[in-house]
Amino acid sequence: MKLKSAIAYEEKWAEKWAEAKIFEADPKPGKPKIFICVPYSYQNAPLHVGHGFTYTRGDAYARFKRMQGYNVLFPWAWHWTGEAVAGTCERLKRGDQSVRKMLVEIDGVPEELLDKFTDPVFVTRYYTEENRETVKAMGLSIDWRREFHTTDLHPYYSKFIEWQYITLKNKGYITKGRHPVVWCPRCKSPTGDHDRLAGEGVSPEEYTLVYFKFGDAYLAAATLRPETIFGVTNIWINPNHEYVLIRADGKKLIVSEQAAYKLKNQIKVEILKKIPADELIGKFAETPLTGKHIPIFPADLVDPDFGSGVVYSVPAHAPYDYAGIIALKNNQERIRKYQLKELVESIKPISIIRVPGYGEFPAVEEVERLGITSDTDPRLEEATKTIYSKEFHEGVLKDNCGEYSGKTVSEARDLVKEKLIEMGLGGVMWELPEKVICRCGTETIVKIVEDQWFLKYSDPEWKEKVKEHIKNMNIYPEEARRWFLNVVDWLRDWACARKTGLGTKLPWDPDWIVETLSDSTIYPALYTISKYLNLGIIKPDQLNIDVLNYIYLGAGDPEKISSQSGIKEEILKQMREEFLYWYPVDMRISAKELVPNHLTFYIFHHVAIFEPRHWPRGIGVNGMLKIEGEKMSKSKGNFIPLKKAIEIYGADATRATLLLAAEDLDDPDWRDKNAREARNMLDVLIRICRDVVSANSNDYTRVDEWLLSTLQRKMKKITSAMEKLKTRTAFNEALYGLYNDWKWYIRRTGGRLGKAAEKFLEEWVKILAPFIPFTAEECWSMLGKSGFVSLEKWPEPREELINEDAELREDLLKNLMEDIRSITEVYGKPPKKIVIYVSSKKKRELLGKAIELKSLESKAALGNLIKWMIAEKLADKKKAPTLAKLMVDTLASLTSKYKEKTLLNVAENELEFYEESREFLEREFNANVEIYSEDQENIYDPRNKASTALPLRPGIYIE
RNA sequence: GCGGGGGUAGCCAAGCCUGGUCAAAGGCGCAGGACUGAGGCUCCUGUCCCGUAGGGGUUCGUGGGUUCAAAUCCCACCCCCCGCACCA
């Protein structure tokens, strides 16, 4: 199971770290701590590069904080809770070939183990073993003494969950209720998205049943728009199907046969007798609320398989209904059969909703516009959607709607529904908007699960507390905060227990298992004490309610709890202390898909159970990984296990690729090309170390000053990016930013390394350590350093090494080179001779003057500068405007970065600096370089370029 | 539908909050050159258009607006991605 990294030295360092136990964290009183964690992953598959992204960010942050001197706890665990593994095992047992194929080809499971993969416990254990190796190979700086997995298969995890749920129940956060699910009648279980052949993403919708009095019974019509009851003109039923009389909801109802069967799964239903459609058609029923008597008509638009099989007709606002009227009028045979001629003629649409953009009868308009004459025309679907959405958002009920007149459609909808139910003239029916077919081939229905346990996330007080806390947390990036607040607002009660799969039983109702997202909320607290159990200091059985209440809530008397539980009082107190030391979690890092569920639940549960001082302090959210621009999925065949990436590119190259891909909420994109490039860069780093070690560096030049100065600036930038979890910015600067500085330095010195080189490299390696720790360790040892770079002090910028003059000089040199290049490029031929003219001493005053004028009145500065130049005889009337403009532009590009004093300083010694750089320039351009001051005697100036010299912007002549 | 994020040069991706210093960082790709026995690696240069002197022109989803000045601010529109509960 051991995996082999593509980078030879990685395994060595992983072993050394483990031997030295450098990531094991124990409380150190007085030393500031940081508790960092990432959500544990479900053990039904190998970890993939997407996991790797979040993990690497977490690890980089952990390593950064550790180097900054914090006592960092970064623990690990595995999620076994859930139903997915059991589902896969079932399918494998049934001989599903696609499962076999996926396991072998994508997940890399050895064929000979497949027989054992019918056992969920074996599967989760198998992946845990495999993934542990992957996490270790990735170089994550974990304290492995605290590891655990979930479910009652673990000796103490369920003790913890039982404590959590008893606590929640005692506090009133758990309730019992009913709950609609998509249900497969054959499998006798809920049909989740991944268990479907058709209907992905479809969830139950709530329809209102409206009861129309018919003799001593009621026709129950299902609708999404109960407010349209005021515009009803007739009822539709399907003439070719049987209806049934049922006893339900305390009365007799008439629905289609199929509907009766569906309703059975939702409410108590007793079927009394069959009623042929013919017995209903042509008769009248009474509309609730209005008391109007309306006729019952036949229509093909009615699908007895959908809803209740009874539809009430609102031709003014429902295109299907208007089309139904037209179709019926045109169907002479039916009219004759049921003798409906006059009745149908008398039907007139009743307008009840005012909506901008339409007249009296929106449905009539749409149907006529499209020229629809059949009530089964597929275009009716589109027309219905258009009007539904328009009326819902902009519609207002007219004066003929009783007490609802003047209300918006969206308001009236719920009010009418509630009123009908209250009066006993309405009910609820759940229905699927599209067919959902279970993987077993059976069509599913909506079932109401009774006695379902809920977490009461709807509780307003609970919500309020959570929101208040979210406002005070550190959330990166900031945009995520708004999202969290929104999720809290919209969160409803959560069905927190299941009947199947792995997990922990509800302590008060062992028929139920705590569901996967509900047993994974406060477990970071378990990390603070799991060490004691894993090391055998206490036994799992001793972890009873009182013990946990004491450790986590400080409740009870330790002496009594000690004698009751058999845990030494000293140990008990130590565990309490350890919890108090590490908690709260300072930073939890996760992908954004967990914002609407896990991360929000995580806050909810902490708020419910712990003291405010132990509520989560920070959350970092990141995007979701794509592969070569596409969503990663096993079915697409672009699934990349993390293990594989390590084997191909090595852990550090994988880490680098991931870190450079994105930050904040942006989705990172894994590209093979980038991974290979990252791999290259690591070699470059190693080579640089080798070169520096073998060089003897003595000189200390101005370029050395520059190198150290720019390093200090980069340190500042990288540090502040890391503090905000901007790992991409930080690593990009650390890797490429500093690399470019290094290249410039080598170029400037012509490869003769100065004193700064070694110092720079030393700091550079430290800065790289959180991101590519293996390579950093390797470099560190190559540099002859002892100990681990992982434990070195994070470099702090030293103000005294910042040298603005040196930085400006290098910038001027780069500008000069760019200008020379720009000229030669236009010229078309490489230069033979380059002449540089530095401005005269007198002209240097221009700089001071320009600065002065600019700060006084920026708008008039240019004009005044021109006048001043002419007055001071620095240029004639022809040239002064051009030069002045240039001066101002040059200044503008430099003032944002440099102090005025620096500009003046450097301008003072410009000539000297270019002289020093002559050799470099000659090398760069392979040409003779001459440097003059413009006011020097006997200068070589065939094209009169000396006069174009300005301070900080020399004149150039090229041959 | 509700909510969140986004549309920048051949590609990926910074910049946008705090308007000018932006033809717009960095990486990839491509072209030329150096190095090499050769290739790879590495290094240098170029990579919107025009230009025999450091210049000019047109660009940052579309259309308007604010401003002396907009990739950056405001309005409208178009398009893309993600989440929405029994998958974790």
Side-chain angles (χ1 to χ4, degrees), chain A residues 39-42 44-45 79 81-85 87 179-183 189-195 201 203 385 388-389 392-393 449 452 477-480 482-484 486-487 489-501 515-517 520 591-598 623-624 626 628-629 631 660-662 664-667 669 671 673-674 676-678 680-681 683-684 687 728-729 732-733 735-737 739-740 743 746-747 815-816 818-829 858-859 886 889-897 924 943 945 948 953 955-958:
Chain A
Y40 48 33
S41 62
Y42 186 52
N44 67 333
H79 206 188
T81 309
E83 298 161 293
V85 168
H179 176 61
V181 293
V182 180
W183 182 267
S189 68
T191 310
D193 240 10
H194 300 288
D195 295 324
S203 52
K385 266 189 194 155
Y388 181 102
S389 142
F392 181 75
H393 292 285
V449 179
Q452 171 72 57
E478 184 56 39
E479 302 96 87
R482 207 179 339 152
W483 190 4
F484 273 112
N486 222 284
V487 170
D489 270 335
W490 283 96
L491 205 60
R492 316 192 298 263
D493 289 347
W494 183 268
C496 64
R498 296 290 129 85
K499 294 269 183 173
T500 56
E515 164 277 342
T516 175
L517 282 166
S520 57
K592 63 185 174 186
E593 58 180 341
L594 299 186
V595 170
N597 43 65
H598 164 72
M624 284 163 57
K626 296 184 169 195
E628 309 287 339
K631 194 176 168 165
L660 290 172
D664 295 348
L665 295 179
D666 295 333
D667 293 331
D669 188 6
R671 281 173 191 263
K673 215 176 272 170
N674 294 356
R676 279 185 281 140
E677 165 59 24
N680 258 337
M681 266 313 285
D683 289 340
V684 170
R687 190 160 17 187
R728 184 194 132 97
T729 302
N732 193 255
E733 280 302 321
L735 187 65
Y736 290 114
Y739 179 49
N740 284 335
K743 280 196 288 189
I746 296 296
R747 201 169 153 188
N815 290 347
L816 177 63
E818 221 172 283
D819 284 345
I820 293 170
R821 241 175 236 120
S822 168
I823 294 165
T824 45
E825 212 180 291
V826 178
Y827 202 68
K829 279 184 229 158
S858 57
K859 276 189 195 175
L886 271 174
D889 287 351
T890 305
L891 197 59
S893 69
L894 296 171
T895 41
S896 63
K897 204 169 153 194
E924 283 288 317
R943 280 182 68 172
K945 288 288 173 184
T948 64
R953 188 184 186 280
I956 301 165
Y957 167 70
I958 290 174

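Lettering follows sequence order; numbering is per chain, from 1.
As judged by a 4.0 angstrom heavy-atom cut-off over every strand, A/His598 is placed among residues making no nucleic acid contact. Residue-level contact check: A/Trp483 touches the backbone only, with heavy atoms under 4.0 Å from sugar-phosphate atoms and none from bases. A/Arg821 comes within 4.0 angstrom of the backbone, heavy atoms only, and of no base. Contacts of A/Asp669 with the nucleic acid, taken as non-hydrogen atoms under 4.0 Å apart, are absent. Among the atoms of the strands shown, only primed sugar atoms or phosphate atoms (P, OP1, OP2) are found under 4.0 Å from some heavy atom of A/Arg747. Contacts of A/Phe392 with the nucleic acid, taken as non-hydrogen atoms under 4.0 Å apart, are absent. Nucleic acid contact for A/Ala495: base, since at least one base atom lies under 4.0 Å from a heavy atom of the residue. Residue A/Glu825 is in sugar-phosphate contact alone, with no base atom involved, counting any heavy-atom pair closer than 4.0 Å across all strands shown.
Between A/Val487 and the options A/Trp490, A/Trp483, A/Phe484, a side chain to side chain contact (heavy atoms under 4.5 Å, CB included) holds for only A/Trp483.
The side chain of A/Arg671 lies closest to B/C11, out of B/A85, B/C11, B/A88. Considering only the side chain of A/Asp666, B/G5 comes nearest among B/U42, B/G5, B/A88. For A/Lys631, taking side-chain heavy atoms from C-beta onward, the closest of the listed nucleotides B/A88, B/G83, B/A53 is B/G83. When each of B/A88, B/A53, B/G54 is scored by its nearest atom to the side-chain atoms of A/Thr516, the top-ranked nucleotide is B/A88. Distance from the side chain of A/Glu83 is smallest for B/A88 among the nucleotides B/A88, B/G46, B/G6. Checking B/G4, B/A88, B/C81 against the side-chain heavy atoms of A/Leu594 singles out B/A88 as nearest. Nearest nucleotide to the A/Tyr42 side chain, out of B/G54, B/A88, B/G4: B/A88. Side-chain proximity of A/Asp667 to B/C81, B/A88, B/U42: nearest is B/C81.
Each of A/Leu665 and A/Val826 was matched to the nucleotide of RNA chain B holding its nearest heavy atom; the match closer to the 5' end belongs to A/Leu665. Residue A/Leu491 is the one, among A/Leu491 and A/Tyr40, whose nearest nucleotide of RNA chain B lies closer to the 5' end (criterion: closest heavy atom).
Across all strands shown, B/A13 remains unpaired; no Watson-Crick or G-U wobble contact has both distances below 3.5 Å. In this structure, B/C84 and B/G1 make a Watson-Crick or G-U wobble pair, each of the two defining distances being under 3.5 angstrom. Searching all strands for a Watson-Crick or G-U wobble partner of B/U72 with both distances below 3.5 Å returns nothing.
Under the salt bridge (Lys or Arg N to Asp or Glu O under 4.0 Å) criterion, A/Arg671 pairs with A/Asp669, sequence neighbours left out. Listed by chain and residue number, A/His79, A/Tyr523 satisfy the ring-ring contact (aromatic ring centres under 6.0 Å, His included) test with A/Tyr40 (two or more places apart in sequence, or in another chain). Residues passing the side-chain hydrogen bond (donor to acceptor under 3.5 Å, both in side chains) test with A/Gln452, sequence neighbours excluded: none. Qualifying side-chain hydrogen bond (donor to acceptor under 3.5 Å, both in side chains) partners for A/Glu478, counting only residues two or more places apart in sequence or in other chains: A/Arg481. Listed by chain and number, the residues in a side chain to side chain contact (heavy atoms under 4.5 Å, CB included) with A/Lys499 are A/Asp511, A/Trp512 (sequence neighbours excluded). In this structure, the side chain to side chain contact (heavy atoms under 4.5 Å, CB included) partners of A/Glu924, at least two apart in sequence or on a different chain, are A/Arg747, A/Met817, A/Arg821, A/Phe920. Considering only residues two or more places apart in sequence or on other chains, A/Asp889 meets the side-chain hydrogen bond (donor to acceptor under 3.5 Å, both in side chains) condition with A/Lys885.
Regarding A/Arg953, its CZ atom lies at a distance of 9 Å from the P atom of B/G54, rounded to whole Å. What separates CG of A/Asn680 from C1' of B/U42 is a distance of 9 Å, to the nearest Å. One atom, CG of A/Asn597, and another, P of B/G4, lie 17 Å apart when rounded to the nearest Å.
Applying the 4.0 Å criterion to OP1 and OP2 of B/C80, one finds that A/Lys626 has every side-chain N and O outside that range. Between A/Ser41 and B/A88 there is no side-chain polar atom (N or O) within less than 4.0 angstrom of OP1 or OP2.
A/Arg728 has its side chain out of reach of A/Asp664: every pair of non-hydrogen atoms, C-beta onward, lies at least 4.5 Å apart.
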Its contact letters, B for base, S for sugar-phosphate only and - for none at protein heavy atoms under 4.0 Å, make nucleotides 16-32 of chain B read -----B---BSSS----

Between protein and nucleic acid, restricted to nucleotides 70-75 of chain B and to nitrogen or oxygen atoms under 3.5 Å apart, what atom pairs and distances do you find?
none

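In terms of polar N and O atoms assigned as donor or acceptor, the side chain of A/Thr948 comes within less than 3.5 Å of the base of B/G54 in a complementary pairing.
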